[in-house]
Amino acid sequence: MRLYDTARRAVVPFEPGPHVLMYTCGITPYDATHLGHAATFISYDVLQRRLIDRGHRVSCVRNVTDVDDPLFAKARELGVHYLDLAAGEEARFEADMAALNALEVTARPRASSAIADIRGFIGMVIERGDAYVVNGAVYFDISCAPRFGSLSGLGIDEMMDLARQRGGDVDNPDKRNPLDFVLWQPSRDDEPAWDSLWGPGRPGWHIECSALALRELGTTIDLHGGGADLIFPHHECEMAQSEAATGEVFVRHWMHTALVAKDGEKMSKSLGNLVFIDQLREQWDAMAIRLALIEHHYRTEWEWDDSLMERNRRRLWAWRAAVSEQDRALGDDTDNDGVNEVGNDAVLDAVRDRLDDDLDTPGAVAIIDEAAAAGRRIDSAAALLGVRLAATD
RNA sequence: GGCGACGUGGCCGAGUGGCUGAGGCAAGGGCCUGCAAAGCCCUGUACCCGGGUUCGAUUCCCGGCGUCGCCUCCA
């Protein structure tokens, strides 16, 4: 199959071995799952389904960032322990994903479970001479990563200028280079702290994914995913520190999903223009929500509007009607069995073909729309997209 | 400023080198109806601008303009 690779800026063949190693950046569980999260993870879910369909074994790891600033801030605001807040929101997220019929991922490790791995990982980077310790903090030395910026397409000098202009943490006198980023940092008084060789503290933002990917999947992974907003700095930093620690290529293929907008702006927690999955589920069939997500291409930015759900409710209804009609026909006349199964396979193959072309889910949905209208069997094709048509839910 | 995406009828949104435009919403007309609602039928000189390639471009290429996203809170 072919997929767009962020690092190479082109649609390229994606031909992993029999066992595919996949890592996607998960959520920071301080608020409910919104449409943007769902769009991202359902994209990877469809990819995973097609890889399995092609005969691959897929190990997919999706972390949970339960040690991070926004989580601490929200816990502070609510007056609860950050891990209690995280556990609750994580459960809501998993319930949303299950309702949308997402496959179980192979592992969903929490950052808080990885402190020992993170300390070990930082040790590896320091031993390589690519990180340094100042005042209880560990910084990655950007000058040791000549390829830094290659993922996002930004040059070192450029990033430097921009970081200065934008007032990143460039004025920190402890850093040798304004772009150096934190691997380990001292905690504030009301933040959790773990002992380490460099003093008590907590991990930097990017380090958990590197440590977890290494722990769960090994030095080199086939595909790393996440929202497009993570390309820089998160994934850029992840790549730099991982390759520094292991000396191996970190990721063979980078895949990023476009951000979802609402009211002309990116949907985001800080803007508050969110559509939450659990609220949507109160009003609409979860499979209609899934259809509303996959009728968009993962690399095209799109905007949420209220007509989406009504349209996809009807689409789901049409697909279900097509299946039950076919079932009835089959029951009445078993001689038709073979013919219908052939129709099913043809639709399935057409959908496979669309998915293999840079995960063209809109094209796949259109094919099933047409097949349903023409009275052909669509259940296998719908199942490949993760759309459950049985009336049991 | 750099990088990326996008710019299709009132709105949303597919799609295509020519055979005139998926679909949805809105709007107008009609059928039906005691009235209304629902339903059904009909109605639309579209592809940001300027160059180029071409017999021919909305579709390909170049350059503008505009919108959105990323550029250390973010899926």
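Every heavy atom of this structure was used, including side-chain atoms; hydrogens, water molecules and symmetry mates were not.
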Enquirer: Can Glu208(A) and Thr65(A) be counted as having a side-chain donor-acceptor contact under 3.5 angstrom?
Expert: yes
Enquirer: Give the rounded distance in Å between these two atoms: CZ of Arg315(A) and C1' of rG13(B).
Expert: 11 Å
Enquirer: Taking for each residue the nucleotide of RNA chain B bearing the nearest heavy atom, is the 5' side occupied by Arg311(A) or by Ser152(A)?
Expert: Ser152(A)
Enquirer: With rounding to the closest Å, how many angstrom separate the P atoms on rC42(B) and rG52(B)?
Expert: 43 Å
Enquirer: Can you tell me, in whole Å, how much space there is between the P of rU67(B) and that of rC48(B)?
Expert: 16 Å
Enquirer: Measure from CG on Asn312(A) to P on rG24(B) and round the result to the nearest Å.
Expert: 13 Å
Enquirer: Check the distance between rG24(B)'s P and Met309(A)'s CE and give it to me in whole angstrom.
Expert: 18 Å
Enquirer: Taking the same atom, C1', in rG23(B) and in rG63(B), what whole-Å distance lies between them?
Expert: 35 Å
Enquirer: Expressed as a whole number of angstroms, how long is the span from Arg108(A):CZ to rA75(B):P?
Expert: 17 Å
Enquirer: Quick test of your reading: applying ring pair (Phe, Tyr, Trp, His ring centres under 6.0 Å), list the pairs with at least one residue in residues 23-42 of chain A, sequence neighbours left out, ordered by first then second residue.
Expert: Tyr23(A)-His224(A), His34(A)-His37(A), Phe41(A)-Phe93(A)
Enquirer: Answer yes if the side chains of Glu248(A) and Thr220(A) hold a donor-acceptor pair under 3.5 Å, and no otherwise.
Expert: no
Enquirer: Evaluate the side-chain proximity of Met160(A) to Asn177(A): yes if any heavy-atom separation is below 4.5 Å, no if none is.
Expert: yes
Enquirer: Which value, in whole Å, describes the distance between the C1' atoms of nucleotides rG39(B) and rA14(B)?
Expert: 26 Å
Enquirer: Considering only side-chain heavy atoms of Glu301(A), which listed nucleotide, rA75(B), rC74(B), rA5(B), is closest?
Expert: rA5(B)
Enquirer: Who does rG66(B) pair with, Watson-Crick or G-U, both distances under 3.5 Å?
Expert: rC6(B)
Enquirer: Just checking His256(A): base, sugar-phosphate only, or nothing, at a heavy-atom cut-off of under 4.0 Å?
Expert: nothing
Enquirer: Compute whether any side-chain donor of one residue and acceptor of the other, for Asp68(A) and Tyr82(A), lie under 3.5 angstrom apart.
Expert: no
Enquirer: Could you tell me how far apart Glu208(A) (CD) and rC74(B) (C1') are, to the nearest whole angstrom?
Expert: 14 Å
Enquirer: Do any side-chain nitrogens or oxygens of Lys266(A) fall under 4.0 Å of OP1 or OP2 in rC70(B)?
Expert: yes
Enquirer: Which of residues 222-239 of chain A have a heavy atom under 4.0 Å from RNA chain B?
Expert: Gly226(A), Gly227(A), Asp229(A), Leu230(A), Phe232(A), Pro233(A)
Enquirer: Hunt down the Watson-Crick or G-U wobble partner of rC73(B), both distances under 3.5 Å, from any strand shown, or write none.
Expert: none
Enquirer: Are Ser242(A) and Ser210(A) linked by a side-chain donor-acceptor pair shorter than 3.5 Å?
Expert: yes
Enquirer: According to a strict under-4.0 Å criterion, is Trp205(A) in side-chain N/O contact with OP1 or OP2 of rC74(B)?
Expert: yes
Enquirer: Test: salt bridge (charged side-chain N to carboxylate O under 4.0 Å, His left out). Region: residues 130-146 of chain A. Which pairs qualify, not counting sequence neighbours?
Expert: Asp141(A)-Arg176(A)
Enquirer: Determine the Euclidean distance between corresponding P atoms of rC32(B) and rC41(B); express it in Å to zero decimal places.
Expert: 16 Å
Enquirer: Could you tell me the separation between the CG atom of Leu151(A) and the CD atom of Glu238(A), rounded to the nearest 0.5 Å?
Expert: 9.5 Å
Enquirer: By the 4.0 Å heavy-atom rule, please label Met267(A) as base, sugar-phosphate, or nothing.
Expert: base
Enquirer: Checking all strands, does Arg314(A) fall into the base, sugar-phosphate, or nothing category for heavy-atom contacts under 4.0 angstrom?
Expert: sugar-phosphate
Enquirer: Given that both distances must come in under 3.5 Å, which nucleotide forms a Watson-Crick or G-U wobble pair with rG23(B)?
Expert: rC12(B)
Enquirer: Pick the P atom in rG44(B) and in rA22(B), then give their distance to the nearest Å.
Expert: 11 Å
Enquirer: Rounding to a whole Å, what distance do you find between Leu151(A):CG and rU72(B):P?
Expert: 15 Å
Enquirer: Looking only at atom P, what distance separates rG29(B) and rG69(B), rounded to whole Å?
Expert: 40 Å
Enquirer: For the pair made of CE in Met255(A) and P in rA75(B), what is the distance, rounded to whole Å?
Expert: 17 Å
Enquirer: Given rG2(B), rG69(B), rC74(B), identify the nucleotide with an atom nearest to the side chain of Leu154(A).
Expert: rG2(B)
Enquirer: Can you tell me how far C1' of rC11(B) sits from CH2 of Trp302(A), to the nearest Å?
Expert: 18 Å
Enquirer: Per the salt bridge (charged side-chain N to carboxylate O under 4.0 Å, His left out) rule, which among Arg290(A), Arg388(A), Arg320(A) passes with Asp285(A)?
Expert: Arg320(A)
Enquirer: Taking the side chain of Glu158(A) as its heavy atoms from C-beta onward, which of rG69(B), rG2(B), rU72(B) lies nearest to it?
Expert: rG2(B)
Enquirer: Considering Watson-Crick and G-U wobble pairs with both distances under 3.5 Å, what does rC55(B) pair with?
Expert: rG18(B)
Enquirer: Only pairs with both distances under 3.5 Å count, Watson-Crick or wobble alike; so what is the partner of rC35(B) in this structure?
Expert: none
Enquirer: Base, sugar-phosphate, or nothing: which does Gly264(A) touch, judged by heavy atoms less than 4.0 Å apart?
Expert: sugar-phosphate
Enquirer: Let me know, please, whether Tyr44(A) or Tyr4(A) comes out on the 5' side of the other along RNA chain B by nearest nucleotide.
Expert: Tyr4(A)
Enquirer: From Thr24(A) OG1 over to Tyr44(A) OH, what is the distance, rounded to the nearest 0.5 angstrom?
Expert: 7.0 Å
Enquirer: Say we look at rC11(B) and rC60(B): how far apart would their C1' atoms be, to the nearest angstrom?
Expert: 30 Å
Enquirer: Report the base-pairing partner of rC47(B) (Watson-Crick or G-U wobble, both distances below 3.5 angstrom), or none.
Expert: none
